[in-house]
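Data block below; observations after.
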4 protein chains.
Amino acid sequence: MADAVADPPRRGRPRSEKARESILHAAAELLLTRGLGAVSMDEIAEHAGVSKATIYRWWGTKELLALDALYYEWTEPTVDPPDTGSLRGDLLALLRPWARVVRTRPYATVIGTFITKAHTDPVFATEYVDRLVNPRRERARTVFERAIGRGELPAGVNVDVALDLLYGALYHRLLHGHARITDRFVTDVVDMTLHGAAGSTHR
Amino acid sequence: MADAVADPPRRGRPRSEKARESILHAAAELLLTRGLGAVSMDEIAEHAGVSKATIYRWWGTKELLALDALYYEWTEPTVDPPDTGSLRGDLLALLRPWARVVRTRPYATVIGTFITKAHTDPVFATEYVDRLVNPRRERARTVFERAIGRGELPAGVNVDVALDLLYGALYHRLLHGHARITDRFVTDVVDMTLHGAAGSTHR
Amino acid sequence: MADAVADPPRRGRPRSEKARESILHAAAELLLTRGLGAVSMDEIAEHAGVSKATIYRWWGTKELLALDALYYEWTEPTVDPPDTGSLRGDLLALLRPWARVVRTRPYATVIGTFITKAHTDPVFATEYVDRLVNPRRERARTVFERAIGRGELPAGVNVDVALDLLYGALYHRLLHGHARITDRFVTDVVDMTLHGAAGSTHR
Amino acid sequence: MADAVADPPRRGRPRSEKARESILHAAAELLLTRGLGAVSMDEIAEHAGVSKATIYRWWGTKELLALDALYYEWTEPTVDPPDTGSLRGDLLALLRPWARVVRTRPYATVIGTFITKAHTDPVFATEYVDRLVNPRRERARTVFERAIGRGELPAGVNVDVALDLLYGALYHRLLHGHARITDRFVTDVVDMTLHGAAGSTHR
DNA sequence: CGGTAATCGAGACGGTACGTCATGTCTTACA
DNA sequence: TGTAAGACATGACGTACCGTCTCGATTACCG
């Protein structure tokens, strides 16, 4: 990786780390309060105490800035998918913290904008998937593969569909907001995904 | 129904049905081609051969017009959820046409905008859920209740979670676009939702 | 005059005299309060308790309506130019009532619009001159010709220039509003026009 | 003068002088061709090769822009009121160039709009009087005071009324357009103002 | 007395300009 | 070279007004 190599000393004034942080912080704050569409770049610049040109020097569009801002804001406490000994335990350990973070702030508004943007701008789509979508999905995939290794699941199980069921159900409530994403709901989703509707009765 | 009562004769020039239809048609056409954000009201007005003021007289915002346009465009051929004799058959009969329609045109772009708007405007949220979300969800719920009546599922089954699994998975692929919504995928989602990951092996 | 001939009995519903009067009254009232540009036809129609179509049936444009409205509002008490025995007396008898009327209400705002409109619309220009400008100018001309007959002025006097001096000075203050049109000012204008600046000292 | 002091270096991108000039030029050109009411801001912007927002940044309303445009367009060659030795000569030297300029282009249309606007907007009224009306009036006043100093006129002469007679007559023909403002007319107006109708016979 | 014809109130409509706002670029001077 | 300040082009926004139109209801006369 280029980053690992010792950087050649840059010419001219170095980038202001203070500016970078205050931009990301101001952007995240405003975005999660009023949504991407209701916040202007001038406003973000003013809140960050920064010139608009400085923002555009480092982020090409408003959406890319928003993506970066959300990436640094939306950090879950867990680092590695913990090995609890069972697939069910691993999934709950993975998804419950996600649900808790998602409950604290209105992420859905911004994510809707991301989805829209991703469907009309391939560059943004790549960036969005690489930073916000795939990492979480891959950690869940690891958990499934570990379970297969344990013999909890047959090798032929369709992991992709299982992942879409799990994250699909969670995102569905997040985006459409027709019901809250309680810890109980996370448990129900995991159980029904693992054992099916027929095998998991209510209450 | 109040509508069945003879309408009192309207005063003034009646609303132009021709204008209404050409507006909705032009809006749907442009929306599904380029997405809500890339289409201007001036453009819709011009394509519809109509004044912009006429549009704003009947639809308060661009989003409400888009919702109405999509509502009339996105009509599935099926009228009643067909009774195929089994829950699995009923669900496939319901979801496969949905998947086919969704594949024909880029609905995802517009739905992303709807979700964003719904999270910042309660009036729009109600309208969106009432017209595009709930009707389909309720038809699927009917199918589940029929299965309980048949004894295919125990009475205590958590239908809400099952619905979120089914539609969640489909919407997930629709919105994030990480994989295509093939008929095979619909089958897999139905099977895994009914019998669980453990009970449904790949291939 | 065609109007003097006995009208052939009209077919259909006759024109509503009540509507005509309330339109002119409402128009005059609003015009003199806020000026032509700040009053809309919808507003006039509403104030008059009348449909907008009814207005446009009888007056082609907003300006023509305004002209008519002002014509009926701006009626001076005097009918014929009185013969006071001297040119000075006749002119004062003519111009002082004009000045008094003009002081009561803000005619200038509307007249400015008339002038602008007249310079871009020949039809309106004719109408404006025939109804609001020429009648007053011709009455003053009569007074001058009477004075020539009396021998007060030589026959070769340039009446047109004299009229422009008199009405020009009055309209100048009316339109530019840099000073009030007092009775004293009217007297000064008449005296200086008759005897010149050199022959009329201040105070 | 404050302007003579060295300006503190301005922050940010400096105002484009080129844009300012092309705006004023385009506005003057269009205004004098078709009148204020028939020219749109979009059109001015397009002709000037400039954004509409740039215009609104520097001029609050269309009328203020028009006033500025006319101010720079309507510049008379004479700088100081020339001293010809007699009041009559001075006035002719002052008014004949004015008449010539006024004949070349249709100023009347725009001035009518200014008058209307001035009667409903005090801020504009001040601006209008300060820039287009008073300067010319004050130069004529200087001429009159010089004549009093020479002993051509008695000290008690009412200069204000004389100015209203002179400019009133000229503006009257300009605005109402009932006759042309020939050089001969200017002479007649000056002579009748100085010596009165009785003292100046036609031809 | 019933038909014919013009008027009226109500209000929808096409067209056009308005003045505002936001994005992203550019141009200065300063650090 | 990076940054603050802020002017700029572009283009959509939603509003307002003008003058036209299309209805049903009204009010005269004419046969």
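Naming convention: chains lettered A, B, ... in sequence-line order (proteins, then strands); numbering from 1 in each chain.
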D/Trp58 side chain reached by D/Asp68 side chain, heavy atoms, under 4.5 Å: no
Separation of atom NE2 in C/His47 from atom C1' in E/dG9, rounded to whole Å: 18 Å
For atom NZ of A/Lys18 and atom P of F/dG2, their distance in whole Å: 18 Å
Polar side-chain atom of C/Lys62 near backbone of C/Leu36 as donor-acceptor pair, under 3.5 Å: yes
Interatomic distance where CZ belongs to C/Arg57 and P belongs to F/dT20 [whole Å]: 12 Å
Heavy atoms of other groups near D/Glu46 CD, more than 12 under 6.0 Å: no
Side-chain heavy atoms of A/Ile44 within contact of A/His47, under 4.5 Å: no
Nearest-Å distance for atom pair CZ/P, residues D/Arg20 and E/dT27: 21 Å
Interatomic distance where CD belongs to C/Glu17 and C1' belongs to E/dC8 [whole Å]: 15 Å
Between C1' of F/dT3 and CH2 of A/Trp59, the distance in whole Å: 13 Å
Nucleotides 15-21 of chain E: protein proximity per nucleotide (B base, S sugar-phosphate only, - neither; heavy atom, under 4.0 Å): B-SSBBB
Side-chain heavy atoms of D/Phe114 within contact of D/Leu70, under 4.5 Å: yes
Candidate nucleotides E/dC26, E/dG14, F/dA4, ranked by approach to the side chain of D/Arg13 - the nearest: E/dC26
Pairwise 5' ranking along DNA chain E for B/Thr54 and D/Pro14, keeping only the more 5' one: B/Thr54
Closest-nucleotide ordering on DNA chain F, the 5'-leading residue of B/Gly12 and C/Gly12: B/Gly12
Distance below 4.0 Å between D/Ser16 side-chain N/O and F/dA7 OP1 or OP2: no
Atom pair distance, as rounded to whole Å: CD1 in C/Ile55 and C1' in E/dG11: 14 Å
OP1 or OP2 of F/dA7 under 4.0 Å from side-chain N/O of D/Arg15: no
Side chain to side chain, A/Thr61 and A/Asp121, heavy atoms closer than 4.5 Å: no
Residue-phosphate contact under 4.0 Å: D/Trp58 side-chain N/O, F/dC8 OP1/OP2: yes
Phosphate contact (F/dC30 OP1 or OP2) by C/Arg11 side-chain N/O below 4.0 Å: no
Qualifying side chain to side chain donor-acceptor pair (under 3.5 Å) pairs, either residue in residues 109-120 of chain C, two or more places apart: none
